[in-house]
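Worksheet for the structure shown next.
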Amino acid sequence: EQLFRGDQVLRITASNEEQITLLRVLGEQAELQIDFWRDLTGPGHPADLWVPFPSLQAVKIFLEFHSISYSVMIEDVQALLDEEKKNMTRSRRI
Amino acid sequence: QRSISTFDFASYHTLEEIYDWMDMLVDDHPNLVSKIQIGQSYENRPLYVLKFSTGGSNRPAIWLDTGIHSREWITQATGVWTANKIVKEYGQDPSVTAILDSMDIFFEIITNPDGFVFTHSSNRLWRKTRSINAGSSCVGVDPNRNWDAGFGGSGSSSDPCSETYRGPYAHSESEVKAIVDFIRSHGNVKSVISIHSYSQMLLFPYGYKRTPAAHHQELNELAKKAVSDLAAMYGTKYAYGSVADTIYLADGTTVDWAYDNGVKYSFTFELRDTGRYGFLLPSTQIIPTATETWPALLDIMVHVLEHPY
């Protein structure tokens, strides 16, 4: 089973086309293993980016260096998955 | 003892539980619902479609599918709730009754069963099919980039490791080919509604080109009404429009294939996003999501009934 301990999902809002281009370049860096859960559409529209824990630092530095605004939508993906699993088990028991 | 009355619609379920529930639904409503197998997945799981029909032969039909992207669990859960709702409302709600008195509804609730099982066993965040790609260690094809509608262009990838890998050729995925063969052999499908999550949108062709569809205005008006009725329930705001105008150019998608194959009322939903959970929407959101989606679905289905072509 693949675990997602410490992985985060960032909600990113690009303010202009230049930032969108930068984010697309970021997304193409295969070694970061990031995944746009909700894709980039246009300036002002939120995009959600799943970032594995080992890539978090690099991604956040990139976003801050380019003044791209973001917030942490999911603090720890695995914590949410654990909660989901617990709920499923409980409901099955009931 | 199996019983449909004890099924918990407010919880997420495994493939086996959902397939068992489908059998119970058919057992409980043999004159309204039947189960058809339209093919097999890559890993040889049956691809089941529920057929809602009150009789007749080759009636005009509406196709619904949920869960082509396996990790979008709210979608399959909404599918289960919706299938149950159709049964409950037939004979009660005049719109549902009118639709089913002259049309059939085909509903594929688990469109990507291999991926769905994988999300339960190994990787909750798996999106694609589970087919092996020759020459690559990466598994799976994005089944919503695999359709023969502008296949191979923008918004899809030729890299098997990408989440939007389009596959080696159009309809390479048995899950996609089964639907293509079914809709083509049926020959009288008037509407295709493919349901995804999350980003709160109701979209229609085209995605592979910016040219407006021939019926753009009608589809746009219908989408506008549907999202307005959806919002009336809990205030959830949906965007609507063509795929290309509303999100981005995306080739090889279900709705474009359907439209290019003569299915005028082709739509794709992106269900609700709370801005907090992404694909991990808690199960407490299932009923509200399904409930608010229902009037929008009904708007489309009623429009299809009232605008024969």
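These figures come from a predicted structure and were not determined experimentally. Sequence lines set the chain letters: A, B, ... in the order given, protein chains first and strands last, and positions in each chain run from 1.
Listed in order of number, the residues of residues 247-254 of chain B that approach chain A to under 4.5 Å between heavy atoms are Ile247(B), Tyr248(B).
Of the atoms belonging to Asp273(B), it is side-chain heavy atoms, and not backbone ones, that fall under 4.5 Å from chain A. With a 4.5 Å cut-off on non-hydrogen atoms, Glu270(B) does not touch chain A at all. The part of Ser121(B) that comes within reach of chain A is its backbone (N, CA, C, O), which places non-hydrogen atoms under 4.5 angstrom from that chain. There is no contact between Phe118(B) and chain A, counting heavy-atom distances below 4.5 Å. Interface residue Leu40(A): only backbone heavy atoms are found under 4.5 Å from chain B. Trp73(B) touches chain A through its side chain: at least one heavy atom from C-beta onward sits under 4.5 Å away, while N, CA, C and O do not.
One side chain, Asp48(A) or Tyr198(B), offers a donor N or O that lies under 3.5 Å from an acceptor on the other.
When each of Arg127(B), His120(B), His13(B), Glu17(B) is scored by its heavy-atom pairs under 4.5 Å with chain A, the top score falls to Glu17(B). Between chain A and the residues Gly278(B), Cys161(B), Gly155(B), the most heavy-atom pairs under 4.5 angstrom are made by Gly278(B). Chain B forms the most heavy-atom pairs under 4.5 Å with one residue out of Gln2(A), Met88(A), Glu84(A), and that residue is Glu84(A). The most heavy-atom pairs under 4.5 Å with chain A, out of Tyr12(B), Tyr277(B), Phe279(B), come from Phe279(B).
The closest side-chain heavy-atom distance from Leu280(B) to Val77(A) is below 4.5 Å. Counting heavy atoms from C-beta on, the side chains of Arg92(A) and Thr14(B) come closer than 4.5 Å. Inter-residue side-chain proximity for Phe4(A) and Asn123(B) is flagged as met; some heavy-atom pair is nearer than 4.5 Å. Using a 4.5 Å heavy-atom threshold, the side chains of Leu125(B) and Trp37(A) count as touching.
When every heavy atom of Arg38(A) is checked against every heavy atom of Ser199(B), the shortest pair comes out as NE-CB, 3.4 Å.
The pair Arg71(B)-Asp35(A) meets the salt-bridge criterion, with a side-chain N (NZ, NE, NH1 or NH2) lying under 4.0 Å from an Asp/Glu carboxylate O. Classification of Arg124(B) and Glu1(A) as a salt-bridged pair fails, no side-chain N sitting under 4.0 Å from a carboxylate O.
For Glu83(A), the CD atom is densely surrounded, since the number of other residues' heavy atoms within 6.0 Å is greater than 12. Within a 6.0 Å radius of CD in Gln57(A), no more than 12 heavy atoms belonging to other residues, nucleotides or ligands are found. Heavy-atom contacts from other residues, nucleotides or ligands closer than 6.0 Å to NZ of Lys60(A) number more than 12.
Taking CZ of Arg90(A) as the reference point, atom OG of Ser283(B) lies at 8.5 Å (rounded to 0.5 Å). Atom CG of Asp245(B) sits about 12.5 Å away from atom OG1 of Thr41(A), to the nearest 0.5 Å. Atom CD1 of residue Ile34(A) and atom CD of residue Glu163(B) lie 12.0 Å apart, to the nearest 0.5 angstrom. Rounding to the nearest 0.5 Å gives a distance of 10.5 Å between OG1 of Thr119(B) and CG of Leu81(A).
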Margin query: Using the rule given for side-chain contact (heavy atoms from CB on, under 4.5 Å), can you reason through Glu28(A) versus Asp159(B), listing the C-alpha separation, both sets of side-chain angles and the distance that settles it, and then say yes or no?
Written below: CA-CA 11 Å; Glu28(A) 282 161 16; Asp159(B) 176 358; over 6 Å; no

